[in-house]
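Working notes for the structure below.
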Number of protein chains: 2
Amino acid sequence: MPEHAHDHNHDQAKERFFDRIKEQGFKLTGKRQNIVEILLAEDRYISAKELLERMKEYYPRISFDTVYRNLHLLKEERLIEESVFGDGGSKFRITCDTHDHHHHYICTRCGKTELVEGCPMDDLGLTVPKGFHVETHRFEIFGACSDCS
Amino acid sequence: MPEHAHDHNHDQAKERFFDRIKEQGFKLTGKRQNIVEILLAEDRYISAKELLERMKEYYPRISFDTVYRNLHLLKEERLIEESVFGDGGSKFRITCDTHDHHHHYICTRCGKTELVEGCPMDDLGLTVPKGFHVETHRFEIFGACSDCS
DNA sequence: ATCAATGCAAACCTTTTGCACGCGT
DNA sequence: ACGCGTGCAAAAGGTTTGCATTGAT
């Protein structure tokens with residue numbers, strides 16, 4: 001893959017996210033663009049706090065409420081994913097649109113992720129207890145990535 | 001199983017938990033006993049808030065700090081388990097000592113659990129990414145139990 | 001021009017901490 | 001008697017909300 005191909009894919013992905021926002025009837029504001037850009041460039045789980053700090057570069061007056069409101073909106077639209085880390089705080093990452101349903105290896109140091117192959121709900125041959133109605137599940141593998149080891 | 005057998009097992013289990021606390025050099029205070037008793041009787045995930053309310057029956061002056069301090073201690077000693085629910089708040093349940101490592105079906109309404117047979121880390125045949133050092137994992141299945149459906 | 005999005009401030013909820021007193025050992 | 005455990009009060013941290021203003025369409 002040529003070196004500039006990555007940036008091209010990156011821009012393509014960005015436009016796809018922007019289109020999704022507009023299609024859903026939400027305004028494509030600078031802050032929303034900025035959130036998508038940051039999450040897309042980082043490609044890892046980052047906290048609302050870190051996101052806020054990064055956004056202050058372009059929007060010095062931005063505050064937590066705007067960040068959270070947009071994160072909730074983007075999550076509703078399934079453009080980003082949320083995970084509650086060990087310390088109880090949430091972090092967010094851009095949705096990997098390469099796969100539909102998936103799970104992650106998550107680096108607890110830097111938030112970087114790798115896809116898990118398969119899903120325990122499909123592959124584990126589970127016997128769901130009688131009368132139990134499954135709604136959601138959570139499968140996450142935490143540890144240190146190769147860079148952070 | 002005769003009707004009183006359950007209570008007998010229950011008392012046996014209770015004593016085992018109390019012994020564990022003493023063995024580790026911690027004082028067996030009334031509040032610690034009460035927490036174990038409540039969690040043992042409930043046999044489901046309950047929040048610090050609910051626990052506090054229940055304990056007020058016996059200890060009207062008890063406050064959150066004591067509840068949390070004891071929950072942390074009991075969790076350190078692996079006598080209880082913690083799970084972060086969808087709303088971001090933690091809930092706690094007595095450790096099922098019947099199995100060592102395990103996962104749960106968890107009712108999001110009442111907190112009741114059922115054991116999951118097997119563990120995705122063992123049974124999924126995972127190929128851990130090169131350089132990734134696995135430390136912990138989380139696998140939980142949420143839904144409505146037969147009582148709450 | 002319209003109505004959603006934002007900034008500000010304040011509230012909210014869960015959880016944690018410092019300190020002096022009380023209780024299990 | 002000793003020192004951990006507890007209550008109180010206050011703070012911390014992350015997240016949410018009401019309201020007036022700004023800005024994308």
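Keep in mind that the numbers below use all heavy atoms, side chains included, and drop hydrogens, waters and symmetry copies. Naming convention: chains lettered A, B, ... in sequence-line order (proteins, then strands); numbering from 1 in each chain.
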In whole angstroms, the gap separating C1' of D:dG5 from OH of B:Y59 amounts to 12 Å
To the nearest angstrom, the NZ-C1' distance between B:K49 and C:dT16 comes to 18 Å
Expected list for residues 71-78 of chain B near DNA chain D, using heavy atoms below 4.0 Å, is none
Taking only N and O in the side chain of B:S63, is any of them less than 4.0 Å away from OP1 or OP2 of D:dC8? no
For residues 112-132 of chain A, the salt bridge (charged side-chain N to carboxylate O under 4.0 Å, His left out) pairs (sequence neighbours left out) are A:K112-A:D147
Sorted by chain and residue number, the salt bridge (charged side-chain N to carboxylate O under 4.0 Å, His left out) partners of A:E76 (sequence neighbours excluded) come out as none
Distance-only donor-acceptor hits, side chain of residues 38-52 of chain A, under 3.5 Å, sequence neighbours excluded:
{"residue": "A:E42", "atom": "OE1", "partner": "A:R44", "partner atom": "NE", "Å": "2.7"}
{"residue": "A:E42", "atom": "OE1", "partner": "A:R44", "partner atom": "NH2", "Å": "3.0"}
{"residue": "A:E42", "atom": "OE2", "partner": "A:R54", "partner atom": "NH2", "Å": "2.8"}
{"residue": "A:D43", "atom": "OD1", "partner": "A:R93", "partner atom": "NH2", "Å": "2.6"}
{"residue": "A:R44", "atom": "NH1", "partner": "A:C110", "partner atom": "O", "Å": "2.7"}
{"residue": "A:R44", "atom": "NH2", "partner": "A:E50", "partner atom": "OE2", "Å": "2.6"}
{"residue": "A:S47", "atom": "OG", "partner": "A:E50", "partner atom": "N", "Å": "3.1"}

Sequence neighbours excluded, the answer for salt bridge (charged side-chain N to carboxylate O under 4.0 Å, His left out) partners of B:K56 is none
Here the distance between atom P of C:dG24 and atom CZ of B:F18, to the nearest Å, is 14 Å
B:I62 CD1 to D:dC8 C1', in whole Å, measures 13 Å
A:N70 CG to D:dA24 C1', in whole Å, measures 13 Å
Return all side-chain donor-acceptor pairs below 3.5 angstrom for residues 19-27 of chain B, not counting sequence neighbours, or 'none' if the list is empty.
{"residue": "B:R20", "atom": "NH2", "partner": "B:E77", "partner atom": "O", "Å": "3.0"}
{"residue": "B:Q24", "atom": "NE2", "partner": "B:E77", "partner atom": "OE1", "Å": "3.2"}

Connected to B:L115, directly or through other members, by ILVMFWY side-chain contacts below 4.5 Å are none
Rounded to whole Å, the CE-C1' distance (A:M55 to C:dT6) equals 11 Å
For this session: Decide whether B:H137 and B:H103 meet the rule of one side-chain donor and one side-chain acceptor closer than 3.5 Å.
Result: yes
Assert: residue with more 5' nearest nucleotide on DNA chain C, out of B:R69 and A:R61, is A:R61
query = Side chain of B:D65, base of D:dA9: donor and acceptor closer than 3.5 Å?
reply = yes
Contacts of A:R78 meeting salt bridge (charged side-chain N to carboxylate O under 4.0 Å, His left out) (sequence neighbours excluded), chain-then-number -> none
Residues of residues 24-43 of chain B with a heavy atom under 4.0 Å from any atom of DNA chain C, listed by number, are B:K27, B:L28
